[in-house]
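Take a look at the structure set out below.
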Amino acid sequence: MTAFEVWAPRAESVRLDLEGIAHPMARSAEGWWRAELPAESGTRYGYLLDDDPTVLPDPRSPRQPEGVHARSAVHTVDPDRWTDDGWTGRPLAGAVYYELHIGTFTPAGTFDSAVERLDHLVDLGVTVVEVMPVNAFDGTHNWGYDGVLWYAVHEPYGGPDGLQRFVNACHARGLAVALDVVYNHLGPSGNYLPRFGPYLTDGRNTWGQSLNLDGPDSGPVRRHIIDNALRWLRDFHIDALRLDAVHALVDRTATHLLAELATETTALAAHVRRPLTLVAESDQNDPRLLTPPAAGGYGLAGQWNDDLHHAVHTAVSGERQGYYADFGALESLAKTLTHGFFHAGTWSSFRGRVHGRPIDRSLIPASALLAYTCTHDQIGNRAIGDRPSAYLGDGQLALKAALVLFSAFTPMLFMGEEWGARTPFLFFTSHTDPVIGAATATGRKAEFAEHGWSSDEVPDPQDPATFLRSKLDWTEPSRDGHARLLGCYRALLELRRTRPEITDPWLSHVEVDYDERARWIAVRRGPLVLICNLSEHPATVGYSGAAILSWDDPEQADTGTTVPGHSFTVVDTAMSGQ
């Protein structure tokens, strides 16, 4: 017998549609409806609410073979198909993340085809593969943030069985798996949750209606989120979750949803006997996310650090538009490298207010902050999805990599950046509703028109060519210029792996010198010094020793090291120069 359960507190009646036959369901006092019937794996089912003849998919559907508007399918993750019994997991400290999108990582765009490229990540020095959202969404291709059935795995990627094979393959190679999940809104097409109950509020965020986390009947809504997170970690053996835009979670209860989720994740980790990691995306620069519960925080393991991205990007590229306005000076880069946040109770001209709070460097390790030169957002939310490789030289790309990979933070790469991929990463959708599709395309063009872009230059996200252009070109890594940059990334990650000074997580141990006019910055980690010359002209910096890694060969003397323009050198001051 298979148990079917659904929360529909305001319905007068709910019937289970099982392969086209309606069956009555019994209601509990809490608004849950239940029925038990024989059903094999793959059996199609859905729910009929009151007198509405429309069969709706299960809000907790484990599989959607025909898409988010169709019936759900009975499915259980098969425990006999797991091959990772020896997997003990990986903590956040010491990790190297690699963000990828399943649909564009390979030409085929599936979990199975992604497995064929995992050895490349191992050779690179990656330890955690972070996958952009794979929950079920409308259409064939999408970034994944328009998910509507959070418990199901997108079928064109390979569905739940494909995800299981992918996790097995990653763990077999010593790679942990992080999954991007979205709990702050639902997509515009295929969202039937409001038909079942008060999942949403009248409030809105940037992407849609807010989830009901603190209003009447919010308990089951919170449970819907927490149970989903635990499903990925428990049933699919996922090692970490990246929680999208947690600043958009409106929760005024005494125990914030994030704190509740962190507590239950810790309990599950004890049961499965491996680390389980929660990493937030937040634009608030609020250390409470990372502060332990005993000190009044939420107890998350980590968060993305956009301040470090902005500081590195502006220093190297010279861009200053939008939220980059407060960055660009080497002073801001130095502060971020040594204190984690740049905006920490300081004025933000972009926001027009004071922003953020300082991190307690004696309490929160730098490894709790993820640092990167690229992400899906920082590329895909540019009007034409252009990567830094489209407008920076290879030496500048190497500089950005060195600043991140030599930092005390946990580094994260975005797919293809390690070889300076020239393929764009564009914003793409495939909404089946033509009205939603047209509105998405029109809104995207209008958004960038406000910032001076011609609407003709902004690709139509609904055009299949936009999606296809975003796929990586795996012939690039073997080409001369790309191969050199790839070798640089590998060498930097090897140095990070072999020298404990670099993974020392305490920001108070990081020292930074810089010359704003000459445009050089030097980061000291014990006896190792990373010297970065951001100018076009050679710069002499007063650190001497053995040059153990460089982009272009430096000139060395007893009084210092001369680094060519747009280049870096790592000097070991405990060793004599050559």
Side-chain angles (χ1 to χ4, degrees), residues 285 305-351 354-356 358-359 361 366 369 371-373 378 388 391-409 492 507-525 528-545 547 550-552 554-557 559-571 573:
N285 284 15
N305 185 8
D306 274 352
D307 277 15
L308 193 278
H309 169 272
H310 300 348
V312 170
H313 180 73
T314 54
V316 175
S317 72
E319 291 191 341
R320 299 289 187 277
Q321 73 276 14
Y323 48 66
Y324 293 149
D326 292 332
F327 298 87
L330 296 184
E331 178 184 11
S332 66
L333 177 55
K335 178 183 176 182
T336 310
L337 286 168
T338 55
H339 288 78
F341 294 150
F342 173 67
H343 285 304
T346 55
W347 177 260
S348 166
S349 64
F350 175 71
R351 298 172 178 85
V354 170
H355 184 64
I359 286 176
R361 298 191 301 171
L369 296 175
Y372 33 83
T373 72
Q378 300 302 337
Y391 50 88
L392 298 178
D394 288 349
Q396 292 173 300
L397 299 178
L399 279 168
K400 295 178 74 174
L403 285 165
V404 166
L405 298 179
F406 196 79
S407 75
F409 310 115
L492 283 165
L507 288 171
S508 58
H509 297 168
V510 180
E511 301 176 22
V512 178
D513 295 325
Y514 60 91
D515 186 318
E516 203 79 66
R517 176 172 293 183
R519 301 299 293 169
W520 63 258
I521 187 167
V523 185
R524 181 158 193 155
R525 313 293 310 281
L528 299 182
V529 181
L530 168 67
I531 305 171
C532 292
N533 180 7
L534 279 60
S535 77
E536 299 178 357
H537 310 289
T540 300
V541 183
Y543 287 101
S544 58
S550 302
W551 176 252
D552 288 317
E555 295 181 6
Q556 294 186 282
T559 56
T561 301
T562 300
V563 180
H566 292 167
S567 184
F568 75 85
T569 295
V570 178
V571 173
T573 60

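Side chains are part of it too, since the values below use all heavy atoms of this structure and drop only hydrogens, waters and symmetry mates.
The minimum heavy-atom distance linking P564 with P554 is given by the pair CD-CA, 4.1 Å. Y514 approaches I521 most closely through the heavy-atom pair CB-CG1, 3.9 Å. Residues D307 and G340 approach most closely at CB-O, 4.4 Å, considering heavy atoms. A pairwise comparison of heavy atoms in V529 and A522 identifies CG1-CB, 4.0 Å as the closest pair. In plain terms, the two heavy atoms of T569 and A547 that are nearest each other are CG2-CB, 3.8 Å. The shortest heavy-atom contact between L333 and A315 is CD2-CB, 4.2 Å.
By the 4.5 Å heavy-atom criterion applied to side chains, N285 and H355 are counted as neighbours. For the pair L403/F568, no side-chain contact is recorded, criterion being any heavy-atom separation below 4.5 Å from C-beta on. By the 4.5 Å heavy-atom criterion applied to side chains, H509 and R525 are not counted as neighbours. Contact check for V571 versus S544: no side-chain heavy atoms found under the 4.5 Å cut-off. With contacts defined as side-chain heavy-atom distances shorter than 4.5 Å, the pair I359/L369 qualifies. For the pair L308 and S407, the minimum side-chain heavy-atom distance is 4.5 Å or more. Here the side chains of T346 and K335 are in contact, with some heavy-atom distance below 4.5 Å. Between F341 and D306, every side-chain heavy-atom pair lies at or beyond the 4.5 Å cut-off.
Between the side chains of Y543 and D513, at least one donor N or O sits under 3.5 Å from an acceptor N or O. Counted by atom type alone, D326 and H343 present one or more donor-acceptor pairs between their side chains at under 3.5 Å.
Using the six-membered ring where Trp is involved, Y323 and H310 have ring planes that are parallel, under 30° apart on the 30 and 60° scheme. Ring geometry for F327 against F342 counts as tilted: the plane angle lies between 30° and 60°, on a 0 to 90° scale.
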Show your reasoning for whether side-chain hydrogen bond (donor to acceptor under 3.5 Å, both in side chains) applies to T338 and R361.
CA-CA 9 Å; T338 55; R361 298 191 301 171; 5.0 Å; no

With side-chain hydrogen bond (donor to acceptor under 3.5 Å, both in side chains) as the test, would you mind laying out the steps for Y372 and N305 before giving the verdict?
CA-CA 8 Å; Y372 33 83; N305 185 8; over 6 Å; no

Can I531 and V541 be said to form a side-chain contact (heavy atoms from CB on, under 4.5 Å), step by step?
CA-CA 8 Å; I531 305 171; V541 183; 3.6 Å; yes

Please walk me through it: do W551 and L492 pass side-chain contact (heavy atoms from CB on, under 4.5 Å)?
CA-CA 10 Å; W551 176 252; L492 283 165; over 6 Å; no

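Separation of atoms CG (L405) and NZ (K400) is listed at 12.5 Å; rounding is to 0.5 Å. To the nearest 0.5 Å, atoms CG (L507) and CG (L337) are separated by 9.0 Å. In this structure, CG on L392 lies 7.5 Å from CD on E319, to the nearest 0.5 angstrom. T314 OG1 to H309 NE2: the interatomic distance, rounded to the nearest 0.5 Å, is 9.0 Å.
Around CD of Q378, the count of heavy atoms belonging to other residues, nucleotides or ligands within 6.0 Å exceeds 12. The 12-atom threshold is not exceeded at CD of E536, counting heavy atoms of other residues, nucleotides or ligands nearer than 6.0 Å.
Listed for the Q396 side chain is no donor-acceptor partner under 3.5 Å among the backbone atoms of H566. Using a distance-only test at 3.5 Å, with no hydrogens or angles considered, no donor-acceptor pair links the side chain of S332 to the main chain of L330. At distances below 3.5 Å, not a single donor-acceptor pair connects side-chain atoms of R524 with backbone N or O atoms of L530.
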